[in-house]
Amino acid sequence: MKYFLLVLMIFGTVTVSGQKISFSEKALNDVFLSAANEDVKFSEVLEKHKGKTILIDVWANWCKDCIVGMPDVKALQNEFGEVSFVFLSLDKNIEHWRYGIDKYKMTGDHYFISSGWEGGFCSSIDLDWIPRYIVVDANGAISLYRAIKARDSKIKSALSK
């Protein structure tokens, strides 16, 4: 397993049957703003939750589909309490991001994607729509690369593994 992870680190993103199973160096090195106003690399976010399954929710306060899916995300949080929920915001500014967290009473680990849609993280995951849900398994591999609805049965399946 260590050899596999070393290969991933050297060669970047790996795909299996068209689904990416790891994040590129470009994504891992993108810097986000934490809820505590600290700059944090995406790799550090993943490291913080190492050994746990992670549901990544890329969202924005202005995104109607994101807000419509919030009750479903909260239901997933209730059902899968052992899973880490990481919210990455593409809001237009920090104030809107913080307002959305409070308004929708979102619990989890929150970050603002300072580099926006064109930055390293979003461009490397081929982001073309939000919300976007990604599941990372306890071993650090991407088990679900793309879901755009929180009700997608593939999310529950990935979280159950």
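By convention here, the first residue in the shown sequence is residue 1. In this text the structure is predicted, and so the values were computed from the model without any measurement. Values below: every heavy atom of this structure, side chains too, minus hydrogens, waters and symmetry copies.
Pairing each heavy atom of A150 with each of G69, the nearest pair is CB-O, 3.8 Å.
Shown here are the side-chain hydrogen bond (donor to acceptor under 3.5 Å, both in side chains) partners of D128, two or more places apart in sequence or in another chain: R146. Listed by chain and residue number, nothing satisfies the ring-ring contact (aromatic ring centres under 6.0 Å, His included) test with Y133 (two or more places apart in sequence, or in another chain). Legend: residues meeting side-chain contact (heavy atoms from CB on, under 4.5 Å) with E44, ordered by chain and number and at least two apart, are V40, K41. Remark: S114 engages no residue in a side-chain hydrogen bond (donor to acceptor under 3.5 Å, both in side chains) (not counting sequence neighbours). Every residue was checked against the side-chain contact (heavy atoms from CB on, under 4.5 Å) condition with D102, not counting sequence neighbours, and none meets it. Here S115 pairs with D30 under the side-chain hydrogen bond (donor to acceptor under 3.5 Å, both in side chains) rule; sequence neighbours left out.
Cluster membership check: W117 shares its hydrophobic cluster with F42, using side-chain heavy-atom separations under 4.5 Å among Ile, Leu, Val, Met, Phe, Trp and Tyr. Hydrophobic cluster membership differs between V31 and L127, with clusters built from Ile, Leu, Val, Met, Phe, Trp and Tyr side chains linked at under 4.5 angstrom.
Between F32 and F121, the ring planes lie perpendicular to each other; the angle is over 60°, past the 30° to 60° tilted range.
The other residues sharing a hydrophobic cluster with W129 are I148, where clustering joins ILVMFWY side chains under 4.5 Å apart.
Between the CG atom of L28 and the OG atom of S22 there is a distance of 8.0 Å, given to the nearest 0.5 Å. Residue I54 holds its CD1 atom at 11.0 Å from CG of L159, rounded to the nearest 0.5 Å. With rounding to the nearest 0.5 angstrom, the CD1 atom of I134 is 4.0 Å from the CD1 atom of I125. For the atom pair CG of L33 and CD1 of I113, the computed distance is 11.5 Å after rounding to the nearest 0.5 Å.
Between I56 and Y111, every side-chain heavy-atom pair lies at or beyond the 4.5 Å cut-off. Between T53 and F80, the closest side-chain pair of non-hydrogen atoms is not below 4.5 Å.
Every pair passing side chain to side chain donor-acceptor pair (under 3.5 Å) that includes a residue from residues 147-157 is listed here, sequence neighbours excluded: D72-R151, E79-K156. Sequence neighbours left out, not one pair with a member in residues 58-67 passes salt bridge (charged side-chain N to carboxylate O under 4.0 Å, His left out). The salt bridge (charged side-chain N to carboxylate O under 4.0 Å, His left out) pairs that include a residue from residues 107-118 are K48-D109, where partners are two or more places apart or lie in different chains.
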Donor-acceptor pairs under 3.5 Å, side chain of residues 83-95 to any protein atom, not counting sequence neighbours: which ones?
residue : atom : partner : partner atom : Å
S84     : OG   : H49     : ND1          : 2.9
S89     : OG   : D91     : N            : 3.0
S89     : OG   : D91     : OD2          : 2.9
D91     : OD1  : N61     : N            : 2.8
D91     : OD2  : N61     : N            : 3.1
N93     : OD1  : E95     : N            : 3.1
N93     : OD1  : H96     : N            : 2.8
N93     : OD1  : H96     : ND1          : 3.2
N93     : ND2  : H96     : ND1          : 3.1

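In this model, no donor atom of one side chain and acceptor atom of the other lie less than 3.5 Å apart for K161 and S143.
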